[in-house]
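Structure record follows, encoded as structure tokens.
Heavy-atom basis, side chains included; hydrogens, waters and symmetry copies ignored.
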Amino acid sequence: MKTVKLYDENSHLFEFSAVVTECEKCDKGYKITLDKTAFFPEGGGQSSDRGTIDNVSVFDVKIKDGIIYHYADTFIAAGKTVNCSLDKNRRFYFMQNHSGEHIVSGIVNKLYGFENVGFHLGDDFVTLDFNGILDRNQLDEIEYIANEKIWQNVKFKAYYPTKEELSKLEYRSKKELEGDIRIVEIENTDICACCAPHVNSACEIGVIKLLDTQKMRGGTRIFMKCGNFALNDYRQKYESIYGISCLLSAKQNETLSAVETLNLKCDNLSAENAALKSELVDFIVKETDSNDKAVFCDMLDIKQLQALADGLHKTYGGIRAAFAKKQDVYAFAICGEEPELSVFFDELKRTLNIRGGGRDGIRQGSIAETKESILKGFKE
């Protein structure tokens with residue numbers, strides 16, 4: 001027997017009583033069916049409701065052949081009348097975002113003729129996939145019109161039209177549907193087939209924010225947050241901007257300019273640092289004793305170590321190495337003529353804990369040894 005869907009009748013019903021018709025052991029714990037339920041199952045791109053049945057936690061809800069299954073960890077006997085409670089905030093936040101998606105999809109369809117071909121509503125984010133390309137300027141226009149609908153407090157209506165009524169309706173749908181089709185109609189905005197609970201009027205959504213886009217199979221994926229999701233997103237970003245503005249001693253609306261200035265300074269310093277290290281490499285080459293096969297300078301990175309080893313080899317001949325301590329290991333570069341270098345490096349790997357390799361007269365990598373062990377390995 002199919003489960004009566006209370007959420008179809010009242011999307012704001014968060015507590016109700018029902019009779020357990022079956023409780024069956026399954027891989028997830030127990031699969032409970034009720035004669036009627038306000039729990040919305042996973043479907044249409046939306047995750048399921050959460051809540052309790054007689055204080056037993058419901059962690060998932062699914063539907064198959066019109067029967068809604070509530071998954072829990074505890075057995076509840078069939079025939080028992082139970083008190084059920086939804087996670088009210090989760091349900092409401094999902095309604096805010098799913099209803100916001102309908103507004104945005106309706107606007108995109110009317111303005112550009114694109115269809116919504118994908119939708120996902122997770123625990124704190126929403127994605128919408130359209131079969132056409134949308135740029136940032138178009139996104140801003142869509143977002144403004146969508147929020148205008150909230151300011152106008154347009155009304156939502158969910159209903160099951162008769163076959164005759166349905167045949168006269170122009171409505172959006174992601175796929176071909178059979179059986180009774182539930183329509184969600186938004187005043188002067190959109191008409192779409194949908195099985196999910198929605199708000200009664202747009203003011204409940206609060207705000208619609210289109211965050212970002214990415215190209216998706218010749219179309220566009222929009223990342224969106226509405227209502228509480230959008231509020232939390234704003235709070236997190238405000239805290240970040242506030243922290244950045246304090247660190248940069250800049251006004252919040254000037255942080256971008258301040259960061260760009262800081263990046264320019266960092267680029268200049270990096271260039272100066274690289275030039276100084278290049279001079280340091282030349283200085284070390286000139287001041288190194290010709291008998292020193294291995295030189296240590298922790299200030300250098302791998303590219304500069306390569307330059308140093310190469311400079312030592314070209315100046316003094318033979319196999320020459322440069323090392324820099326990086327945390328618990330030594331980065332290294334070794335230069336020499338082939339095949340002598342290849343033979344030497346193979347012997348060194350048998351002596352020391354080395355990771356690395358190379359070719360054409362240079363080897364590089366890291367050695368997990370002490371400075372003393374490295375010098376001893378070179379002497380041997």
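- Ring orientation note: the planes of Tyr7 and Phe40 are nearly perpendicular, at an angle over 60° on the 30°/60° scale.
- Atom CG in Asn353 sits 9.0 Å away from atom CD1 in Ile367 (nearest 0.5 Å).
- In this structure, CD1 in Ile133 is found 4.0 Å from OG1 in Thr220, a value given to the nearest 0.5 Å.
- Between Phe114 and Tyr112, the ring planes are parallel. Angles under 30° get that label, and only those over 60° would be called perpendicular.
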Using residues 279-290 as the side-chain source, report each donor-acceptor pair under 3.5 Å to any protein atom, sequence neighbours left out, with the distance given to one decimal.
from, atom 1, to, atom 2, distance (Å)
Thr288, OG1, Ile284, O, 2.5
Asp289, OD1, Asn291, N, 2.7
Asp289, OD1, Asn291, ND2, 3.3

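- Put simply, the side chain of Asn131 gets close to the backbone of Glu115: a donor and an acceptor are under 3.5 Å apart.
- Using a 30° and 60° split on the angle between ring planes, Tyr69 and Tyr71 fall in the tilted class, from 30° to 60°.
- Every residue meeting the ring pair (Phe, Tyr, Trp, His ring centres under 6.0 Å) condition with Tyr144, not counting sequence neighbours, appears here in chain and number order: Trp151.
- Stacking of Lys157 on the aromatic ring of Tyr159 is recorded, both the 6.0 Å distance cut-off and the 45° axial limit being met.
- A distance of 4.5 Å separates NE2 of His12 from CG of Asn200, quoted to the nearest 0.5 Å.
- With hydrogens and angles ignored, the 3.5 Å screen pairs no side-chain donor or acceptor of Gln364 with any backbone N or O of Gln306.
- Asn147 places a side-chain N or O within donor-acceptor distance of the main-chain N or O of Ile208, the cut-off being under 3.5 Å.
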Side-chain donor-acceptor pairs under 3.5 Å in residues 355-363, sequence neighbours left out?
from, atom 1, to, atom 2, distance (Å)
Arg363, NH1, Glu338, OE2, 3.0
Arg363, NH2, Glu338, OE2, 3.1

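- Partners of Ile76 under the side chain to side chain contact (heavy atoms under 4.5 Å, CB included) rule, at least two apart in sequence or in another chain, are Val20, Ile32, Ile53, Val56, Lys80, Val82.
- The aromatic rings of Phe323 and Phe332 sit tilted relative to each other, their planes meeting at an angle between 30° and 60°.
- The stretch residues 12-39 participates, sequence neighbours left out, in these salt bridge (Lys or Arg N to Asp or Glu O under 4.0 Å) pairs: Lys28-Asp60.
- Separation of the Tyr330 and Phe296 ring centroids falls under the 6.0 Å cut-off.
- For residues 158-173, the set of pairs meeting the salt bridge (Lys or Arg N to Asp or Glu O under 4.0 Å) definition, not counting sequence neighbours, comprises Glu164-Lys168, Arg172-Asp190.
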